[in-house]
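Heads up, the thing below is written out as structure tokens.
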Amino acid sequence: MNVNVKVKHGSRIQSFYLFFILVNIQTGTGIIGAPRYIYEQAKQDGWLSVIIAGLFVHFVVFMMFLTLKQYENTDIFGIQQDLFGKLIGKLLGTIFIIYIFASLLSVLINYIQIVQYFIHPILSPWLLSFLLLILVVYSVLGGIRVIVGVAFVFFVSTLYILFFLYHPLLEMDLHRFQPFFEASPMELMEGARATSYSLLGLEVVLFIYPFIDDKKKAQLPSQLGVAITALFLLLVTIISIGFMGRERLADSYWPILIFYKFISYEIIERFDLIVVTAWMMVVLPVMILLTWMMTYGMKRMYNIRQKKTLFIICFLLFIGGGLMKEQVMITNYTSYVGQIGFWLTFIYPIILYPLVRIKKALKKEGKN
Amino acid sequence: MIRKRKRKQLAYEQPKTKNEVHFPLESEQTKQAIQEQLQNESSLIFKEVNVQDQTIVVCYISYLIEQTQVDSNLLAPLIDSKEKWTTTRLETNLPIGNGQQYDTIEQVCSQLIKGSVVVYIENEKSAITYSISKNERRSVEKPERESIVVGPQSAFSESLETNLNVVRSRVQSNELVTESFNIGARLPTEVRLVYLKSLANDEDVQTMRQRLNNLKIDDLEDASVLVQYIEDTNKTVFPLFYLTELVDRFSYGVSKGKIGVLVDGSPEAIVAPTTFWGFFESTEDVYFRWSVATFFRMLRFAAMFISFVLTPVYVAVVTYHYEVIPTNLLVTLGESRSQVPFPPILEVLFLELIIELLREAGARLPTKVGQTIGIVGGIVLGQAAVDAGLTSSVLIIVIAMSALASFTAPSYLMGSAVRVIRYPLILLAGLIGLVGVTFGICLLIIHLLKLKSLGRPYFLPVYPFIFKDLDNSLFRLPFSISNRRSIALNTKDPIRYQERKSKKPKDIEDWGE
Amino acid sequence: MIRIVMTLCLVMLSLSGCVPGQQIEQLGIITSYGVDLLDEEEGTLDNTILYTQFDPEAPQPMQTIESTSSTYLDAISAANLKTSYKLVTGHISLKLFGKEMAEKGIMRLLSPHLRDAEEPANIYIAVGEPTAKEILMSKGITDVSKFLDQLFENNIREEILPKSNFMDFVHNVDDPGVDPIQPVITIKNDKPVIDQIGLFQQDQYVASISPDETFLVKLIIEDFRAGKREIILPRAPFDPFIQNDTDEQPKEDLYLTLDEIRSSADISLEDKKQLHYQVNVDLEARLMESSEPIKIDSDKVLNLLETEMSRKFEEQYEQLTNKLKELNVDPIGFGTHYNAETKHEDLTDEKWRELFPTTTINYNVNVNIIRHGVIE
């Protein structure tokens with residue numbers, strides 16, 4: 001395996017799509033439940049936690065680009081091999097892939113949960129995961145360009161969901177934010193950590209970097225993408241605190257969908273159903289991107305055909321999606337994924353950078 | 001799959017003629033050879049003219065040529081000649097153009113059946129043919145399938161020459177290239193590749209040329225058949241090339257840097273590459289003011305969306321999601337549904353089937369009968385179905401609306417595609433409700449993202465996103481702003497004309513200095 | 001390989017089957033739910049359910065079912081036994097609680113509502129006096145649900161009723177230091193009418209106040225956009241400005257109507273220890289009607305009117321505050337202001353009940369008449 005990757009011109013993507021990729025992969029299902037966990041930690045100052053988390057994520061992205069710029073055209077696997085050698089590099093890569101699989105599974109089962117709760121309580125999880133996986137397979141088969149297209153088009157076509165938030169935004173009770181700054185710094189940090197599940201997915205930058213056409217311009221769209229996700233999360237957290245109040249927020253798994261329940265129009269009486277179905281278009285790009293990352297990683301490390309990995313992964317997901325049913329189990333599983341993800345996507349890239357620099361310095365010395 | 005296609009191509013390999021008959025020949029031999037080649041065509045006319053001790057054979061198929069032309073321009077000068085004829089003299093001294101020499105009987109015969117007269121001087125090395133074909137063809141008429149209100153009203157006819165003629169007269173430029181191809185081994189058809197040399201992207205032209213060259217088939221029925229042979233993929237319901245009968249649509253495409261293909265004998269021309277959005281563009285949009293045109297184009301997009309979403313949503317909502325319907329509407333819907341003995345999905349399929357039958361019957365029947373069928377079907381059947389308690393009255397409106405919406409697409413092929421997509425969506429809606437509908441829409445979008453037209457993404461300019469191209473596809477802007485050709489087409493000259501820059505921002509009152 | 005996976009998936013699919021549908025014509029759509037207390041000790045409930053069914057033969061789609069149960073969900077399933085339609089709760093627009101029931105607390109019956117995704121969020125909560133059953137079964141009207149729904153909607157839009165939606169109720173119960181107010185419905189001439197506005201301590205009905213008093217509460221908790229209000233002032237100060245052409249005995253009071261009221265109010269906690277509040281209300285309005293012809297030709301008259309009105313309002317506020325303190329109910333939410341100002345001290349409702357009677361509240365109402373219409 002070479003450290004650097006050669007990518008055909010036909011499968012390169014422009015850098016501004018990174019914006020959509022990042023917004024999409026980060027939003028996923030996490031955002032629906034996040035305000036509750038943030039509120040649990042930081043109470044009415046939860047919005048501050050989100051801002052802290054947002055700033056931290058910016059820093060992580062910055063570090064990722066710094067690391068990647070040290071190489072010509074590489075990804076996480078190349079970096080790991082360069083740093084730790086073949087064996088440990090592969091081991092770390094495999095851990096990464098297993099983690100991605102876990103987070104993909106969590107997205108799938110969480111979405112199934114939501115659909116079961118809001119739309120069809122007796123809908124078979126097998127059926128729903130089968131349908132979702134058909135879409136995943138179909139678009140991953142199209143290659144990176146189609147995948148990015150799906151992320152882009154689905155993002156644009158689900159933006160309207162956001163617009164309807166004006167209703168709960170106007171109904172907020174600002175007293176619920178007072179007294180300001182009550183939470184201790186520790187609580188704020190804990191709150192910021194609670195956002196980790198909903199901000200996961202940054203690692204996509206480390207995978208997709210070799211495919212970017214104009215790498216010099218890649219930093220800005222990524223930072224913007226991260227900023228927009230953090231803003232979404234901030235908006236949603238603010239509305240949750242202001243609109244739902246304490247007990248309700250602590251009580252509901254999916255606070256965001258609760259606000260949509262309050263929106264009704266002359267033609268559509270219940271908006272939550274529409275949002276839950278449309279959320280499929282938010283969840284799909286995440287699943288597709290994660291699946292692609294895995295197939296790509298397997299090909300990169302073990303030279304396994306992407307199609308083969310794709311079908312195996314989808315089969316495993318299908319089994320996982322059908323079997324995981326209990327709410328408590330899913331909640332615990334999700335929080336585990338969030339915790340592991342916190343270390344792997346937020347802390348690990350920061351550690352990588354100094355290691356790369358040290359390695360480079362050593363090499364230079366060796367030459368001299 | 002690929003292997004199969006290869007085998008098919010082999011089967012279409014040109015049948016090799018065993019023994020070609022070469023000139024020179026005796027007049028009697030010539031006659032026999034031609035008779036044999038043309039399977040004893042009974043309208044084949046042989047005339048032997050004896051001038052200056054030479055025997056000259058004049059041969060033609062009587063119904064294919066202009067008899068008066070033969071008499072006055074060929075036979076008369078031939079007989080009146082004071083000198084001996086040679087093949088070269090025939091070519092220069094006869095008052096008919098387009099004389100061509102051939103030296104085998106086979107070649108001569110292929111000219112004969114195209115409407116040529118063969119003149120052969122006995123024992124010469126080659127025969128000469130003149131094309132004096134009789135044009136028993138439709139003249140340029142009004143468009144029937146793609147009728148428009150504003151703008152030029154001429155449609156293509158079945159004759160390639162007429163079509164080239166009208167295209168040339170609309171695109172008057174010496175840069176217009178019309179490359180000729182002969183497609184079909186047994187029954188060859190002439191196909192012309194039309195593009196503007198200074199605009200069209202070379203790569204696209206090369207792709208199209210290659211696809212035409214690589215096409216090894218037995219015969220070619222029509223342009224719509226050619227499209228199916230050379231499209232990027234056939235695993236889709238969407239048309240990938242634009243088929244049009246409108247001359248102005250074709251020439252508009254060519255003048256914007258697209259590539260056109262004309263097929264002899266087909267009243268439809270191909271324009272490529274196209275995008276998904278292009279199928280909702282009408283040339284009328286160019287003739288209308290930009291604001292009106294934008295409104296209409298948006299209306300068409302909305303109509304398309306309504307057309308394939310409305311009935312599935314009805315099925316989903318009525319079967320699964322009663323909560324979504326507002327209470328007042330729910331009462332109306334519920335009352336009309338309570339009469340119907342079928343589940344919503346069957347009810348919808350039943351009514352959709354009626355509409356499709358009406359459309360199909362209306363298309364097959366002569367115009368006048370077709371109209372009556374439309375009215376009778378629309379009003380009487382619908383009313384009767386409601387009275388009989390087979391469908392609910394609300395559904396009639398829903399179905400009528402979606403059918404109507406599907407007919408707003410300027411391209412009939414796209415309209416049909418949209419109608420076809422509706423059925424799987426209805427089934428999905430009936431099986432799992434709105435989740436199924438969303439699934440269907442997602443699948444559709446992914447499918448559209450994967451499609452390519454002549455190697456270019458079908459979903460342009462939405463994805464890959466080209467902001468500056470949106471005004472050429474999703475909406476229209478005034479010409480003073482939209483002065484560019486589509487960037488996605490990669491034309492050689494992207495600027496149509498320089499932007500007019502106003503010198504100074506105007507104040508409310510200017511003194512005219 | 002691929003084929004094996006696909007067939008396996010298909011087998012799974014066919015095993016799992018599809019989703020059972022609920023076609024609307026087979027549903028009985030519950031529009032209102034009323035509940036009264038049947039037996040206080042056992043806690044059994046007397047439920048009245050109004051629902052719409054789509055029966056082409058039935059003379060009217062509205063139907064009524066009664067059932068007894070001890071929980072809300074059980075009430076629905078008990079009622080389901082009495083109808084051929086499947087009762088669904090996705091379109092409930094009103095939950096009406098009999099007075100006795102309301103006094104016991106109603107949150108218990110509302111909590112399934114919060115958990116069940118099917119139930120709509122936009123419903124009205126009201127108290128029925130004497131019982132919810134009597135109101136839902138009132139004979140004067142064919143479609144009680146629709147009538148009540150529009151009754152609430154119109155009166156909220158006309159800014160007569162305060163917002164009494166389900167979410168407002170739940171929020172006011174949840175948030176410490178504020179109590180909900182919900183309309184009370186009674187029967188007059190066989191028709192349900194909104195007579196009083198009920199005050200709650202948390203989720204327990206305590207007492208009711210008149211629409212006039214409600215206006216005062218609403219003036220503080222919501223901003224008016226185009227309200228309407230009659231006000232009675234003593235006639236004496238205005239005597240010089242009244243042109244009395246008739247020989248009638250002059251009345252003692254002057255009735256004035258304010259229209260297009262726009263208001264804004266703010267509460268400030270002046271003293272955290274002593275719990276001293278200052279409430280400022282600014283009110284802009286148009287004088288529409290007057291029982292006596294007052295000649296308003298100078299600022300003086302207008303100013304007099306404004307100060308008299310302000311004083312009147314302030315008086316009324318004093319009375320209202322005393323009443324609220326006596327009942328120990330805080331619909332205005334002084335407690336939330338207290339909670340917002342104090343850090344590191346989680347206010348509970350119990351604590352606020354102790355504190356509320358000790359507060360002192362000073363009102364300052366500023367009336368501004370911007371137009372006086374046709375009256376001169």
Side-chain angles (χ1 to χ4, degrees), chain A residues 10 13-14 16-17 19-20 111-112 114-116 118-120 123-124 127-128 130-132 134-143 145-158 213 261 264-281 283-285 288, chain B residues 203 233 235-236 276-277 301 305 309-310 312-314 316-317 319-331 333 424 427-429 431-452 455-467 470 474:
Chain A
I13 52 164
Q14 274 172 289
F16 77 92
Y17 290 116
F19 171 84
F20 300 98
Y111 183 66
I112 293 174
I114 292 168
V115 171
Q116 280 184 329
F118 279 90
I119 303 180
H120 301 300
L123 175 71
S124 151
L127 180 69
L128 195 56
F130 180 70
L131 289 181
L132 285 169
I134 286 180
L135 294 177
V136 170
V137 170
Y138 188 55
S139 42
V140 172
L141 284 178
R145 280 206 167 179
V146 171
I147 291 165
V148 174
V150 171
F152 172 71
V153 173
F154 282 15
F155 173 76
V156 174
S157 53
T158 46
D213 208 12
K261 210 169 153 172
S264 73
Y265 290 96
E266 302 295 318
I267 322 171
I268 299 170
E269 187 148 309
R270 288 281 292 281
F271 223 75
D272 51 341
L273 282 172
I274 308 291
V275 173
V276 169
T277 46
W279 209 264
M280 187 191 271
M281 294 172 96
V283 170
L284 261 177
I288 292 167
Chain B
E203 221 173 285
T233 172
K235 287 173 205 145
T236 178
F276 176 67
W277 314 102
F301 290 136
F305 189 70
V309 153
L310 197 63
V313 165
Y314 172 87
V317 161
T319 323
Y320 296 102
H321 312 288
Y322 75 96
E323 300 103 317
V324 177
I325 316 168
T327 316
N328 293 335
L329 184 62
L330 187 69
V331 175
L333 258 179
L427 284 179
L428 278 169
L431 290 177
I432 24 179
L434 280 180
V435 178
V437 178
T438 322
F439 166 79
I441 292 172
C442 289
L443 196 66
L444 203 67
I445 293 176
I446 298 172
H447 177 68
L448 285 171
L449 283 169
K450 285 177 114 174
L451 286 182
K452 286 192 167 174
R456 296 191 178 277
Y458 194 50
F459 222 49
L460 275 169
V462 171
Y463 180 79
F465 186 67
I466 302 174
F467 179 72
L470 291 181
L474 294 194

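The chains referred to below are lettered A, B, ... by the order of the sequence lines, with proteins before strands, and numbering in each begins at 1.
The contact between Ile268(A) and chain B is made by backbone and side chain atoms together, counting heavy-atom distances below 4.5 Å. For chain A, no part of Leu329(B) is nearby; none of its heavy atoms comes within less than 4.5 Å. For Pro464(B), the parts sitting under 4.5 Å from any heavy atom of chain A are the backbone and the side chain alike. Contact of Val156(A) with chain B is not made at all, since no heavy-atom distance falls under 4.5 Å. Within the 4.5 angstrom heavy-atom criterion, atoms from both the backbone and the side chain of Phe465(B) approach chain A. Contacts of Leu131(A) with chain B are made by both backbone and side-chain atoms, with heavy-atom separations under 4.5 Å.
In this structure, NE2 in His120(A) is found 7.5 Å from CD1 in Ile432(B), a value given to the nearest 0.5 Å. Here Leu449(B) contributes atom CG and Ile147(A) contributes atom CD1; the two are 11.0 Å apart, rounded to the nearest 0.5 Å. Atom-to-atom distance recorded for Cys442(B):SG and Ile134(A):CD1 is 12.0 Å, nearest 0.5 angstrom. Atom CE in Met280(A) sits 10.0 Å away from atom CD1 in Ile441(B) (nearest 0.5 Å). From Arg270(A), atom CZ reaches atom OH of Tyr322(B) across 8.0 Å, with rounding to the nearest 0.5 Å.
In this structure a side-chain-to-backbone donor-acceptor pair under 3.5 Å is missing from Tyr463(B) to Val146(A). Lys450(B) contributes no side-chain N or O that, together with a main-chain N or O of Leu141(A), makes up a donor-acceptor pair within less than 3.5 Å. The backbone N or O of Ile119(A) lies less than 3.5 Å from no partner atom in the side chain of Tyr320(B), so there is not a single donor-acceptor pair.
Heavy-atom pairs under 4.5 Å with chain B were tallied for Phe152(A), Phe271(A), Tyr265(A), Phe16(A); the largest tally goes to Phe152(A). Taking chain B as the reference chain and counting heavy-atom pairs below 4.5 Å, the highest number among Leu132(A), Ile288(A), Thr277(A) is found for Thr277(A). Ranked by heavy-atom pairs under 4.5 Å with chain B, the first of Ile13(A), Asp272(A), Val115(A), Val148(A) is Val148(A).
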Derivation of the side-chain contact (heavy atoms from CB on, under 4.5 Å) call for Ile445(B) and Met281(A): CA-CA 10 Å; Ile445(B) 293 176; Met281(A) 294 172 96; 3.8 Å; yes
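Residues Phe130(A) and Phe439(B) place their aromatic rings such that the two centres sit no closer than 6.0 Å.
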